[in-house]
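Step one of this worksheet: look at the structure below.
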Amino acid sequence: MQDPATFVDEKVEEIGNAIGDGHAIIALSGGVDSSTAAALAYEAVGDQLTPVYVDTGLMRKGETGGIRETFDYMDSLRIVDARERFLDALSGITDPEEKRHVIGEQFIREFETVAEDVGADYLVQGTIYPDRIESEGTIKSHHNVGGLPDVVDFEGIVEPMRDLYKDEVREVARELDLEEVVSERMPFPGPGLAVRVIGEVTEEKLAVAREANHVVEEELADHDPWQALAAVLGKATGVKGDNRVHGWVVAVRSVESRDGMTARAQEVDWETLQRIQSRITASHENVARVVYDVTHKPPATIEYE
Ligand code: XMP
């Protein structure tokens, strides 16, 4: 990438030319990629862009409120509460790829409804270079690539960051004055907490995962990981108070990486790990254990599913 200021100028002009006097739509996930793409496109066409945030119930703690605040300046912002519909759609599904598929499908349906409503003829996406590479392989299906709405017949797709790496996207985000929480935020997968819960997605597992991820992000922020996360693995025996419990096992993972394609498990000091353990076990009555994942990628992936 040339310098971020030049990149922004060029892309704003390019996006403006591509969309003309049409109407565009973008799905905001709260992550740095879609936020940056939305800010770029909004700078280019203003309220001719409808940014849509679908609250899937699979997002990080505080995400919806954060979106509302960060993008408050965009009058056309739409927030869709789809939490119940996602949970219903995921009921009984345990296979990781099927989960991704169901989430992708439901997401498209929610998004299409708004796209039809506003009469969108262009789709803006925050796709970046590693998304395209991983989608060409067979590693995992990424629901933000390839799974485009097919009911709405878009005239064009605008992907201003398709050749950038993550660290370059962050530079662009800073250039656009996107708040530090967005520009410096760790990447978060499209299917959200659903890939940080092994097996069926239930309200209880989601609640445990949401709180545990919040603790991990907070406690490990000063370790500057590429990504730090928590996943709900399954159940094991523990003892809480005077009672034996059969509660959730939560895995904590913190990795260093440049682009997410390979990663190294991060060395974290014992004191920090113990603080994380005690906060997570205290966060929910049904958490019995916390373990730390020391596996690099490969052979593990960063996410659990
Ligand atoms: P894995 O788990 O494959 O993750 O090592 C590599 C990077 O990609 C993110 N990730 C996803 N992002 N949709 C996304 O938008 C997905 O389905 C998805 N799966 C993984 C992951 O968080 C990591 O940064």
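Order of appearance sets the numbers: ligands from 1, and atoms from 1 within every ligand. We're numbering straight along the sequence, starting at 1.
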Point to revise | Separation of Leu40 CG from Ile15 CD1 (nearest 0.5 Å) | key: 5.0 Å
**Study point:** Nitrogen or oxygen atoms of Pro191 and ligand 1 under 3.5 Å apart
**Key:** no
Point to revise | Numbered atoms and elements of ligand 1 in range of Arg100, under 4.0 angstrom, heavy atoms | key: 16 (C), 17 (O), 18 (C), 19 (N)
Practice item. Assess the side chains of Glu271 and Gln274: does a donor N or O sit below 3.5 Å from an acceptor N or O? Key: no
Point to revise | Pick from Lys297, Lys99, Glu303: the one approaching atom 21 (C) of ligand 1 most closely through a non-hydrogen atom | key: Glu303
Review point. Which of the numbered atoms in ligand 1 are below 4.0 angstrom from a heavy atom of Gly260?
Key: 6 (C)
Check your understanding: Looking at residues at least two apart in the chain, or sitting in another chain, which of them share a salt bridge (charged side-chain N to carboxylate O under 4.0 Å, His left out) with Arg289?
Key -> none
Could you give the side-chain donor-acceptor pairs of residues 194-202 under 3.5 Å, partners two or more places apart or in another chain?
residue: Arg196; atom: NE; partner: Glu303; partner atom: OE1; Å: 2.8
residue: Arg196; atom: NH1; partner: Asn213; partner atom: OD1; Å: 2.9
residue: Arg196; atom: NH2; partner: Glu303; partner atom: OE2; Å: 2.9
residue: Glu200; atom: OE2; partner: Gly92; partner atom: N; Å: 2.7
residue: Thr202; atom: OG1; partner: Lys205; partner atom: N; Å: 3.2

